[in-house]
There are 2 protein chains.
Amino acid sequence: MKMSSKARYGLYVAVELAKRYSDTDVVSVALLAQCTGITEKYLEQIIAMMKRADIVLSNRGASGGYKLARAPQDISVGEILRVLEDNLQIVDCIHKDCANGCNCVSRNLWTKLNENINSYLDTISLQQLVEDKL
Amino acid sequence: MKMSSKARYGLYVAVELAKRYSDTDVVSVALLAQCTGITEKYLEQIIAMMKRADIVLSNRGASGGYKLARAPQDISVGEILRVLEDNLQIVDCIHKDCANGCNCVSRNLWTKLNENINSYLDTISLQQLVEDKL
DNA sequence: ATAAATCATAGTAAATTAGTAGGAATTAAA
DNA sequence: TTTAATTCCTACTAATTTACTATGATTTAT
């Protein structure tokens, strides 16, 4: 029940990008790696997932880099974490079959718990996080 | 961010014990293993944790077994899962130090998320779960 | 042209989780 | 009082997942 480092790191990266959102230019992986302490290669993979999910956008080639695809107030923490954390699903049986079948009482619990987590994380924007206003 | 099978299984076991709570006698691991589909040896370990946490109590020796230490309406799902799932902590840095230090904005998020999860799970009793009244 | 960057993907090491195994201690019942 | 059924204790191993490394192709500003 731990958040993976991929998800934690992804959020750190998003926070750094949010701080720089007013800048017109993009931020390179090298710089992001430096200020977050994540290795470049690992960070590349993480930000690639965020790009595929349209959370960030990129410029390729020399002096290229990444920036947020939308304003920090329009990106929720839930959106980011779902991309990096297997849709934030607490157990597999919510969307797959399990031995207990569909009438398993626990299944309803997991479903509600998931809704709870997701709806909470969806109320928090990157902007709020950067301003430390939770 | 998956719930471990230990926690899932522990909850199944607790549900089975809750169904049988009105019986005066205890239930053996062998029987619990049979009706949950968990192997006896693994189940033994899981229920041992629940015993140490005073969620279940046991009779040793022949015709021994386990039963809930309290009525199903007095045991919350949160209580059970915390015992089996490293206190339900989403990230380590909530109670340990991390590279980012104490002024890390994400840390507050994890703390709030944890509170959210725990307070939800604490509102649900085993009784509710058995009656499928979430 | 060149250098600085993203992009794609395969591989490996570390850590965690899940499950096995063996046997000691206890106790109800024959 | 022996026996069989059971909990209790702890060490080990296999499987899976996570975290990270490595290589190199592609793109593009200068």
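Chain identifiers are assigned alphabetically (A, B, ...) following the order of the sequence lines, protein sequences preceding nucleic acid strands; residue numbering begins at 1 within each chain. The analysis underlying the following values was restricted to heavy atoms, covering all of them including side chains, and did not include hydrogens, waters or symmetry mates.
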Q.
Restricting to salt bridge (Lys or Arg N to Asp or Glu O under 4.0 Å), what partner residues turn up for E85(B), sequence neighbours left out?
A. none

(Q) Expected output is a numbered-order residue list: members of residues 19-28 of chain A with a heavy atom under 4.0 Å from any atom of DNA chain D. What is it? (A) none

**Q.** Listed once per pair and sorted, the salt bridge (charged side-chain N to carboxylate O under 4.0 Å, His left out) pairs that draw on residues 18-30 of chain B, sequence neighbours left out
**A.** E16(B)-K19(B), E16(B)-R20(B)

Q) dT6(D) phosphate, OP1 or OP2: any side-chain N/O from S58(B) under 4.0 angstrom? A) no

Q: Go through the structure and list residues passing side chain to side chain donor-acceptor pair (under 3.5 Å) with S58(A), not counting sequence neighbours.
A: K51(A)

Q: Identify, residue by residue, the members of residues 2-9 of chain A with a heavy atom below 4.0 Å from DNA chain D, and return them in order of residue number, or none.
A: S4(A), S5(A), K6(A), Y9(A)

Q. Within 45° of the axis and under 6.0 Å from the centre of the six-membered ring of Y120(B), does NZ or CZ of K112(A) qualify?
A. no

Show which side-chain atoms of residues 39-47 of chain B pair as donor or acceptor with protein atoms under 3.5 Å away, not counting sequence neighbours.
residue: T39(B); atom: OG1; partner: Y42(B); partner atom: N; Å: 3.4
residue: Y42(B); atom: OH; partner: S5(B); partner atom: OG; Å: 3.4

Q: Check the distance between dT17(C)'s P and M1(B)'s CE and give it to me in whole angstrom.
A: 14 Å

**Q.** Protein-to-nucleotide contact annotation, 5' to 3' order, nucleotides 23-30 of chain C [B base; S sugar-phosphate only; - none; under 4.0 Å, heavy atom]
**A.** B-BBBB--

Q: Not counting sequence neighbours, which residues clear side-chain contact (heavy atoms from CB on, under 4.5 Å) with A53(A)? List them please.
A: I55(A), V83(A)

Q. Who are the salt bridge (Lys or Arg N to Asp or Glu O under 4.0 Å) partners of R70(B), not counting sequence neighbours?
A. E79(B)

Q.
Test of understanding: with side chain to side chain donor-acceptor pair (under 3.5 Å), list the residues that count as partners of K6(A), not counting sequence neighbours.
A. none

Q) Tell me, do L126(A) and L68(A) make a side-chain contact under 4.5 Å, heavy atoms counted? A) yes

Q) Quick one: side chain to side chain donor-acceptor pair (under 3.5 Å) partners of Q127(A), sequence neighbours excluded? A) E131(A)

Q) For residues 45-56 of chain B, which residues have at least one heavy atom under 4.0 Å from DNA chain C? A) Q45(B)

